[in-house]
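Data block below; observations after.
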Amino acid sequence: MSVTRLQEHTFLVDVSPGKLQNFIASYVLKAKQAAIVETGPTSSVPNLLSGLEKLNIKPEDVAYVAVTHIHLDHGGGAGTLLKNLTNAKVIVHPSAVPHLVNPEKLWKQSTEVLGKEITELYGAPEPILVERIIAAADGMTVDIGNNVKLRVVETLGHASHHQSYYDTLSGGIFPGDAAGIYLKDIDVVVPTIPPPFRLDASLASLEKLIGLNPKALYYTHFGMSVNAVEKLRAYANQLKLWVSIAEQGLRNKQGFEVIRNKILNSDESVRKAVKYVRAHPVLGGVVFDHSVQGALKYAEKYGNVYAK
Ligand SMILES: [Zn+2]
């Protein structure tokens, strides 16, 4: 676990599940009260709590725990965290509420998709009482004092219940998985678009974020980047490229591996990242294949009207 100050009021806590660093970030906003964006998984909640302690934030002063979506690496730890933060409420997209109240199905599906090794590294999510959940509508804003506010920006596409958060004071955005995975070490973004990825919704979400003219992106995976608009535009183009290659491959009746290799070879950023990603204990085995599947399923179902 380590804590880094990014703004006067914004801190990055590297929650390091399974001691894996530079992979999952929780962001802590400190004002009159405190807010947390992204919890990380259940297994690293003790590290996040140590981070709060290091920042001299009392557990009872945390008012909000905002999660972008409920995939285990983003919101999986919310239930365990809330047991420790007695006054906090969790902010989540309305359609994700049932899965926080009863996370059993989420856990089962995660195990099927990610495999036992990764889900065990993350740990099972604990249920949350419905009265501690805020089903947040697009545009809802919470205020933690000293002019620090977080605005909900619905950003569907990566998941059908995904939302980002806009820090109105610093002009930064917490995009969750809506803007891809930022590999800070090599300054490359790679897609995270597992099924049921929606290109149309993703592109609309990226436009929405670009429209805010953000000064910075605070990636959950991982860290801050200041070239926010440039990064969002590049990500939109990357997603269009992936789906157009998937569509072409389907038309030519190519198999999964052929299409995957074509995508990986055609995307310049991914080419730079292949070695790094393949060596990564969590991303290595799954992230490219899942994202290629996401692009393929989308192309199969909807075609690729946005790349023409
Ligand atoms: Zn996700």
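At least one side-chain heavy atom of Glu300 sits less than 4.5 Å from a side-chain heavy atom of Leu250. The shortest distance between side-chain heavy atoms of Phe197 and Leu239 falls below 4.5 Å. A 4.5 Å side-chain heavy-atom check between Ile128 and Val101 finds every atom pair outside the cut-off. For the pair Val92/Ile133, a side-chain contact is recorded, criterion being any heavy-atom separation below 4.5 Å from C-beta on. Side-chain atoms of Leu85 and Leu49, non-hydrogen and from C-beta on, do get closer than 4.5 Å to each other. Side-chain contact between Thr220 and Asp73: absent, with no pair of heavy atoms (C-beta onward) separated by less than 4.5 Å. Between Thr39 and Val45, the closest side-chain pair of non-hydrogen atoms is not below 4.5 Å. Within the 4.5 Å cutoff, no side-chain heavy atoms of Ile144 are placed close to those of Lys149.
Distance alone, capped at 3.5 Å, is enough to place a donor-acceptor pair between the His280 side chain and the Leu283 backbone. Thr141 places no side-chain N or O within donor-acceptor distance of the main-chain N or O of Arg151, the cut-off being under 3.5 Å. A donor-acceptor pair under 3.5 Å links the side-chain atoms of Arg132 to the main chain of Ala88, judged by distance alone. In terms of modelled atom types and a separation under 3.5 Å, the side chain of Ser160 and the main chain of Leu156 share no donor-acceptor contact. Judged by distance alone, with hydrogens and angles left aside, the side-chain atoms of Asp267 form a donor-acceptor pair with the main-chain N or O of Val270 at under 3.5 Å. A distance-only check finds a donor-acceptor pair linking the side chain of Ser16 to the backbone of Asp14 [under 3.5 Å]. At distances below 3.5 Å, at least one donor-acceptor pair connects side-chain atoms of Thr42 with backbone N or O atoms of Gly76. Put simply, the side chain of Asp143 gets close to the backbone of Gly145: a donor and an acceptor are under 3.5 Å apart. Listed for the Thr155 side chain is a donor-acceptor partner under 3.5 Å among the backbone atoms of Ser164. Side chain of Ser44 to main chain of Gly40: no donor-acceptor pair is present (N/O by atom type, distance under 3.5 Å, no hydrogens or angles).
Close placement of the Phe23 and His221 rings is indicated, their centers lying within 6.0 Å of each other. Ring pair Tyr219/Tyr182: centre-to-centre distance below 6.0 Å. Residues His161 and His99 place their aromatic rings such that the two centres sit no closer than 6.0 Å. Between His162 and His93, the ring center distance fails the sub-6.0 Å criterion.
The heavy-atom pair separating Ile70 from Ala96 by the smallest distance is CG2-CB, 3.8 Å. Listed here is the closest heavy atom pair of Ser291 and Trp242: CB-CZ3, 3.6 Å. Nearest approach of Ala34 to Ile57, heavy atoms of both residues: CB-CG2, 3.9 Å. Smallest separation of non-hydrogen atoms from Ile245 and Lys262: CG2-CG, 3.9 Å. Residue Val152 comes nearest to Tyr165 through the heavy atom pair CG2-CE2, 3.8 Å, listed as atom of the first residue, atom of the second, then distance. Taking each heavy atom of Val148 and Ala31 in turn, the nearest pair found is CG2-CB, 3.8 Å.
A salt bridge does not link Glu104 to Lys108: none of the charged nitrogens lies less than 4.0 Å from a carboxylate oxygen. Remark: Asp138 engages Lys208 in a salt bridge, criterion side-chain N to carboxylate O under 4.0 Å. Salt bridge annotation for Asp187-Lys231: present, with a cationic side-chain nitrogen under 4.0 angstrom from a carboxylate oxygen.
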(message) With side-chain hydrogen bond (donor to acceptor under 3.5 Å, both in side chains) as the criterion, how do Ser225 and Asn227 come out once you've worked through the C-alpha distance, each side chain's angles and the decisive distance to 0.1 Å?
(response) CA-CA 6 Å; Ser225 167; Asn227 301 321; 5.0 Å; no

(message) Go through it in stages, so that I can follow the logic: the residues are Tyr276 and Asp185, the test is side-chain hydrogen bond (donor to acceptor under 3.5 Å, both in side chains), and I'd like the CA-CA distance, side-chain angles, deciding distance and then a yes or no.
(response) CA-CA 9 Å; Tyr276 183 98; Asp185 294 344; 3.1 Å; yes

(message) As a quick check of understanding, evaluate side chain to side chain contact (heavy atoms under 4.5 Å, CB included) for Phe174 and Leu150, giving each step before the final call.
(response) CA-CA 10 Å; Phe174 304 90; Leu150 270 182; 3.9 Å; yes

(request) Show your working on side chain to side chain contact (heavy atoms under 4.5 Å, CB included) between Ile36 and Leu48 and close with a plain yes or no. (result) CA-CA 10 Å; Ile36 295 170; Leu48 177 52; 4.3 Å; yes

(request) Could you give me the CA-CA distance, side-chain angles and deciding distance for Lys58 and Glu53, then say whether side chain to side chain contact (heavy atoms under 4.5 Å, CB included) is met? (result) CA-CA 7 Å; Lys58 292 191 212 103; Glu53 208 180 302; over 6 Å; no

(request) Show the numbers, then the answer: is there a side-chain hydrogen bond (donor to acceptor under 3.5 Å, both in side chains) between Tyr235 and Glu230? (result) CA-CA 9 Å; Tyr235 192 57; Glu230 194 187 307; over 6 Å; no

(message) Could you walk me through whether Gln293 and Ile193 satisfy the side chain to side chain contact (heavy atoms under 4.5 Å, CB included) test, starting with their C-alpha distance in whole Å, then the side-chain angles of each, then the deciding distance to 0.1 Å, before giving a yes or no?
(response) CA-CA 8 Å; Gln293 276 158 5; Ile193 52 170; over 6 Å; no

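Test Asn146, Asp167, Asn147 against His9 for side chain to side chain donor-acceptor pair (under 3.5 Å) and you get one pass: Asp167. Among Val189, Leu217, Leu212, the single residue meeting the side-chain contact (heavy atoms from CB on, under 4.5 Å) criterion with Leu232 is Leu217. Residue His69 is tested with Glu38, Gln163, His158 for a side chain to side chain donor-acceptor pair (under 3.5 Å); the sole match is His158.
Criterion: ILVMFWY side-chain heavy atoms under 4.5 Å apart, direct or through other members. Under it, Leu296 and Val286 are part of a common hydrophobic cluster. Linking ILVMFWY side-chain heavy atoms closer than 4.5 Å, directly or via other members, places Tyr27 and Tyr64 in a single hydrophobic cluster. Hydrophobic cluster membership is shared by Val67 and Trp107, with clusters built from Ile, Leu, Val, Met, Phe, Trp and Tyr side chains linked at under 4.5 angstrom. Cluster membership for Leu6 and Ile173, using ILVMFWY side-chain heavy atoms within less than 4.5 angstrom, is not shared. Neither Ile134 nor Leu82 shares a network with the other; the hydrophobic side chains, linked directly or stepwise wherever heavy atoms of I, L, V, M, F, W or Y lie under 4.5 Å apart, form separate groups for each.
More than 12 non-hydrogen atoms from other residues, nucleotides or ligands lie less than 6.0 angstrom from NZ of Lys184. Counting heavy atoms of neighbouring residues, nucleotides and ligands inside a 6.0 Å radius, atom CD of Glu60 exceeds 12 of them. The number of heavy atoms from other shown groups lying within 6.0 Å of CZ (Arg5) is above 12. By the neighbour-count criterion of 12 heavy atoms within 6.0 Å, atom CD of Glu112 is densely surrounded, having more than that number from other residues, nucleotides or ligands.
Atom NZ of residue Lys116 and atom OG of residue Ser110 lie 14.5 Å apart, to the nearest 0.5 angstrom. To the nearest 0.5 Å, the span separating OG1 on Thr192 from CD1 on Ile181 amounts to 4.5 Å. With rounding to the nearest 0.5 Å, the separation of CG in Leu29 from CG in Leu169 is 9.0 Å.
Geometric assessment of Arg260 against the ring of Phe288 yields a negative cation-pi assignment under the 6.0 Å and 45° thresholds.
Every residue two or more places apart in sequence or in another chain that forms a side-chain contact (heavy atoms from CB on, under 4.5 Å) with Asn261 is listed here: Asn265.
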